[in-house]
Each structure stands twice: as structure tokens, then as C-alpha cells.
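Scroll down for the structure; my scribbles are underneath it.
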Amino acid sequence: LAKTTQPISMDSYEGQEVNITCSHNNIATNDYITWYQQFPSQGPRFIIQGYKTKVTNEVASLFIPADRKSSTLSLPRVSLSDTAVYYCLVGINTDKLIFGTGTRLQVFP
Amino acid sequence: AAGVIQSPRHLIKEKRETATLKCYPIPRHDTVYWYQQGPGQDPQFLISFYEKMQSDKGSIPDRFSAQQFSDYHSELNMSSLELGDSALYFCASSLLAGEANEQFFGPGTRLTVL
């Protein structure tokens with residue numbers, strides 16, 4: 001399974017755009033890149049998934065360069081409620097989730 | 001929309017006791033996963049079931065067992081409980097044939113072993 005590396009923590013202010021980059025140098029051909037969000041004492045929640053290029057949904061955008069060795073989760077105009085841990089996961093589409101150390105995002109007023 | 005249901009939400013046990021955690025997946029989902037999250041830790045995969053058959057196994061202790069029943073609900077049985085078993089236990093379900101393997105997590109069961 002491809003190992004991921006992401007910043008341990010990030011700070012931002014309300015209304016700003018937040019970009020969290022994840023490195024996955026040994027990503028396999030069949031691997032997808034998936035991001036989950038977790039609030040304290042709650043189960044993780046799926047945010048977005050992509051294979052290559054750019055994916056956008058109502059919550060976030062995911063940018064994946066051509067070599068797929070990294071990816072960037074972009075959260076537009078964050079609010080206080082976006083304070084959470086964000087996990088980048090890499091694996092085949094039907095597999096268990098292997099959580100690494102996520103990024104703790106703190107949004108300040 | 002229906003979500004994953006877990007019961008109980010909180011459980012307090014003594015060392016060496018047994019515990020049973022239940023999970024009711026989203027209707028029509030065919031796959032159930034169990035994860036353990038210790039205090040300050042990241043979720044760790046324990047075991048999964050697809051169509052009532054064990055499909056994968058992670059770092060699940062031999063003291064733990066799980067199964068999925070004909071109605072698709074799943075139970076995680078934990079015996080000879082240890083202090084280190086205190087954690088949040090999440091169940092997640094997904095539709096394997098879905099386009100993206102989006103796993104839907106339940107609210108978790110907080111197990112405290114005294």
C-alpha cells in the first residue's frame with residue numbers, strides 16, 4: 001500500500017482558501033486518492049476521491065498532477081466548522097482504508 | 001437518509017470481561033468494515049465483510065472475532081478485555097459495486113475498560 005505524507009497541522013482564518021498537500025511517491029497504477037474529514041469523537045467522513053487531473057464537488061477540489069506522486073486538497077473559503085483532521089488515503093477503490101497521520105486544520109475567526 | 005447505526009454508543013467494562021458491539025449498515029450496502037481508534041490515534045482497520053463473508057483482516061487481536069449476519073448487520077465480539085482495548089470502535093459500510101469506494105462511518109462505540 002502506498003504510504004502518504006501530509007503536514008501534521010495547518011492554521012487558517014475564516015474565508016481563506018486552504019490547500020493541503022499529500023505526498024504518495026509509490027502510488028500504484030490502480031490506486032485512487034481519497035480524502036476523509038474527521039471531527040473529534042466522530043467517524044471519518046468522505047470528502048472527495050480522484051484518480052488523475054482535477055476533481056471538484058460541492059465541498060472541495062482535488063488536484064492531482066500527471067505523475068500522481070502527490071495531490072492537493074483545496075477547501076475554498078473555510079469556516080470555523082471546517083476545523084478537523086483531514087486524511088489523505090491511497091489505495092485500490094474497493095479496499096480497506098489505511099489511515100496515516102492526518103492534518104489537523106485549525107480555522108480561526 | 002439512513003445512516004450506519006452502531007450500538008451501544010458507550011460501553012464500560014472491567015478487565016477480562018467480554019463485550020459485543022453491533023453495527024447496522026446502510027440498507028443495500030454489501031460491505032462492512034470495523035476500525036479501532038485509540039485516544040489520540042488514527043483509525044486502524046480491524047476486519048471487513050463482503051456479502052457475509054470475511055473479506056479482509058487487519059490488526060485485529062485473536063481475542064476479537066466478528067461476523068456478518070444474514071440481515072447484513074455485523075457484530076464485533078471482544079473477549080478477555082484489556083485496558084488497551086479502550087477506544088472508539090467505528091463501523092463503516094459501503095456498496096462495493098459503487099463507482100467510488102465511499103465508506104460511510106457510524107457514530108462509533110466508545111469502549112472504556114476499567
Side-chain angles (χ1 to χ4, degrees), chain A residues 1-9 20 22 28 30-62 64 71 73 84-105, chain B residues 1 3-6 9-10 21 23-26 29-51 54-60 66 86-112:
Chain A
L1 294 168
K3 181 180 176 181
T4 61
T5 302
Q6 51 184 120
I8 292 176
S9 65
I20 305 175
C22 177
N30 295 334
D31 286 343
Y32 282 73
I33 300 156
T34 311
W35 287 79
Y36 277 77
Q37 173 194 57
Q38 186 178 29
F39 298 112
S41 298
Q42 294 186 28
R45 183 175 74 100
F46 174 94
I47 300 176
I48 198 166
Q49 183 182 75
Y51 184 79
K52 61 180 179 180
T53 63
K54 176 184 174 182
V55 180
T56 297
N57 61 23
E58 64 277 5
V59 177
S61 294
L62 179 59
I64 305 169
S71 59
L73 173 72
V85 178
Y86 292 83
Y87 291 99
C88 165
L89 299 97
V90 173
I92 64 173
N93 210 17
T94 57
D95 206 1
K96 57 187 175 289
L97 300 178
I98 302 297
F99 291 87
T101 302
T103 298
R104 296 184 179 277
L105 173 65
Chain B
V4 175
I5 297 171
Q6 290 188 247
R9 295 292 309 277
H10 301 272
L21 279 53
C23 168
Y24 297 85
I26 292 172
H29 278 194
D30 52 20
T31 308
V32 166
Y33 307 82
W34 285 96
Y35 295 87
Q36 176 193 58
Q37 186 169 27
Q41 303 294 312
D42 304 303
Q44 298 295 313
F45 169 74
L46 292 178
I47 195 168
S48 62
F49 293 87
Y50 168 66
E51 285 291 342
Q54 181 180 309
S55 55
D56 202 350
K57 201 171 183 180
S59 50
I60 182 169
S86 294
L88 263 171
Y89 290 83
F90 292 108
C91 170
S93 73
S94 71
L95 182 60
L96 205 63
E99 191 172 310
N101 183 24
E102 178 179 349
Q103 293 188 22
F104 295 82
F105 283 75
T109 294
R110 183 176 295 279
L111 172 66
T112 301

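Letters A, B, ... are given to chains in the order of the sequence lines, protein chains preceding strands, and every chain is numbered from 1.
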Practice prompt. Would you please name every residue forming a side-chain contact (heavy atoms from CB on, under 4.5 Å) with B:S55, sequence neighbours left out?
Written response: B:S48, B:Y50

How long is the gap from [atom1] on [X] to [atom2] on [Y], to the nearest 0.5 Å?
X      : Y     : atom1 : atom2 : value
A:L97  : B:F45 : CG    : CZ    : 9.0 Å
A:K96  : B:Y33 : NZ    : OH    : 9.5 Å
B:E102 : A:T34 : CD    : OG1   : 9.5 Å

Worksheet item: So which part of B:P107 gets closer than 4.5 Å to some heavy atom of chain A, the side chain, the backbone, both or neither?
Response: backbone

Worksheet entry | Contact class of B:Q6 relative to chain A, heavy atoms under 4.5 angstrom |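 Contact with chain A: none, neither part.
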
Answer whether the closest heavy-atom distance between the side chains of [X] and [Y] falls below 4.5 Å.
X     : Y      : result
B:Y35 : A:P44  : no
A:Y36 : B:Q103 : yes
A:Q38 : B:F90  : yes

Worksheet entry | Results of salt bridge (Lys or Arg N to Asp or Glu O under 4.0 Å) for B:D42 - residues two or more places apart only |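 Partners of B:D42 by the salt bridge (Lys or Arg N to Asp or Glu O under 4.0 Å) criterion come out as none, since no residue qualifies.
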
Worksheet item: Between A:Y87 and B:Q37, what is the shortest heavy-atom contact and its length?
Response: OH-NE2, 3.9 Å

